[in-house]
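Shown below is the structure under consideration.
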Amino acid sequence: VKGEEYVRLADDNRIRPIPIRAPRGTIYDRSGRVIAGNRPSYTVSIVPKDLPEEKKPEVLAALARLLDSSVEEIEKTLAAGAAYPYNPVRLKRDVPMEVVIAVEEERADLPGMLVEEEWTRQYPYGDLASQTLGYLGLVEPEDVRKGYKPTDYIGKTGLEKTYEAYLKGQDGQRRVEVNALSRPIRELSAIDPEPGYDLYLTIDLDLQLAAEKALTEQINRLQKLNYKQVSGGAVVVLAAKTGEVLALCSQPGYDLSRL
């Protein structure tokens, strides 16, 4: 009797798994002061299966404009996530609120697009111990074979890489019913994420700051004395009785928050 209505409901309303990103483990100094933490942020993603082929050119053009990107970059990102058509593919992470609002305003014309809340690494002291901490970057093909998604981030160097298995945590998942615009209608079930393990270092924050300041001043002093070839250096401070590393720095470094 209501066949037509149910066909429409079946076409328009589908069940989708939406990942709940697990916060990465926090990295502390020996006294429990945060060196690398997390903050909430917004990520614009797209579910490839929900993007009709006939609308793809105009949707990608609109997203490129809104995200200050290029169609080619977005196509490359989508291609990386092609093996998981029902999973959201991250197009741009840590977007400002004004971009989130602009994207939401045009959502009716952007099928498959969604704005996800997730955690972004935060470094309270900028480039402090950057070479030691290491940085995060997009996964490689071999990482995908280990269970990562193509647009996930992973520790690339330093402690972030060495302790990746402990820091990364386990994503949760929401099963929601969505309409044709990928807007959630109701939540069916949810599995909470498991945060990554925290990492406590033997590094002393005050000593680390002092060592980095002294190293910078010494490099600058030598350059002023016409030792122009001096562009970097390193400092290691150990506890004589225990062998613990109290400070470890090298220059040139990099601002981790800009990667």
Side-chain angles (χ1 to χ4, degrees), residues 2-25 38-56 59-60 63 66-67 74 77-95 97 99-101 103-121 136 138-139 143-154 164-197:
K2 294 187 177 180
E4 237 178 79
E5 181 181 346
Y6 288 126
V7 167
R8 179 181 59 78
L9 288 171
D11 286 340
D12 292 348
N13 300 301
R14 314 167 211 173
I15 296 172
R16 285 284 179 268
I18 298 178
I20 307 173
R21 310 295 182 184
R24 199 168 176 84
N38 302 291
R39 60 178 173 79
S41 65
Y42 294 100
T43 293
V44 176
S45 304
I46 196 162
V47 179
K49 192 67 177 176
D50 289 342
L51 176 58
E53 201 60 37
E54 66 274 12
K55 282 200 164 189
K56 192 172 181 178
V59 170
L60 297 191
L63 285 170
L66 291 166
L67 301 178
I74 294 176
T77 304
L78 282 174
Y84 303 88
Y86 288 101
N87 286 329
V89 174
R90 293 178 174 109
L91 299 181
K92 192 161 188 177
R93 295 165 56 100
D94 198 18
V95 296
M97 182 53 70
V99 174
V100 172
I101 293 170
V103 169
E104 288 288 1
E105 284 177 346
E106 297 191 30
R107 188 166 189 162
D109 300 318
L110 301 172
M113 188 281 303
L114 60 125
V115 176
E116 298 181 274
E117 290 184 48
E118 60 178 352
W119 299 95
T120 296
R121 260 298 189 228
L136 304 176
L138 277 173
V139 297
D143 300 314
V144 176
R145 290 191 285 271
K146 297 175 185 175
Y148 288 90
K149 299 297 185 295
T151 52
D152 281 347
Y153 277 62
I154 191 173
E164 169 65 23
Y166 301 97
L167 290 166
K168 72 182 183 69
Q170 182 67 44
D171 288 348
Q173 187 184 87
R174 295 166 58 218
R175 289 181 70 250
V176 299
E177 187 178 356
V178 299
N179 61 19
L181 298 176
S182 294
R183 289 183 183 273
I185 298 172
R186 62 190 177 109
E187 186 173 298
L188 304 176
S189 63
I191 301 172
D192 291 332
E194 296 178 19
Y197 289 104

Could you tell me whether the side chain of N38 and the main chain of R24 form a donor-acceptor pair under 3.5 Å?
-> yes

Interatomic distance, CG@D152 vs CG@N87, rounded to 0.5 Å, equals 9.5 Å

On a heavy-atom basis, the closest approach of L167 and Y197 is CD2-O, 3.4 Å

Indicate the atoms forming the closest heavy-atom contact of V139 with K149, along with that distance.
-> CG2-O, 3.3 Å

Specify the closest pair of heavy atoms between L66 and L110, including all atoms of both residues, with the distance to one decimal.
-> CD1-CD1, 4.0 Å

Look up atom CD1 in I20 and atom CD in E117, then write down how far apart they are to the nearest 0.5 Å.
-> 11.0 Å

What distance separates Q173 CD from R21 CZ, expressed to the nearest 0.5 Å?
-> 10.5 Å

Please round to the nearest 0.5 Å and tell me the distance separating atom CG of L138 and atom OH of Y153.
-> 4.5 Å

With a cut-off of 6.0 Å (strictly less than), are more than 12 heavy atoms of other residues, nucleotides or ligands near CZ of R186?
-> no

Tightest non-hydrogen contact, residues E104 and V115, listed as OE2-CG2, 3.6 Å

If you look at every heavy atom in L136 and R121, which pair is closest and at what distance?
-> CD1-CG, 3.6 Å

Exactly one candidate in L91, L63, V59 meets side chain to side chain contact (heavy atoms under 4.5 Å, CB included) with M113; the answer is L63

Got S41 and W119 here, is their nearest side-chain heavy-atom distance under 4.5 Å?
-> no

Atom CD of E194 with >12 non-hydrogen neighbours under 6.0 angstrom | no

Non-hydrogen side-chain atoms of S45 and V89 separated by less than 4.5 Å | no

K55 side, atom NZ; L60 side, atom CG - distance, nearest 0.5 Å | 13.0 Å

Atom CG of D171 and atom CD1 of I191: how far apart are they, to the nearest 0.5 Å?
-> 11.5 Å

Test salt bridge (charged side-chain N to carboxylate O under 4.0 Å, His left out) applied to R93 and E118, step by step = CA-CA 9 Å; R93 295 165 56 100; E118 60 178 352; 3.6 Å; yes

Atom of L51, atom of K56 and distance for their closest heavy-atom approach = CD2-CG, 3.8 Å

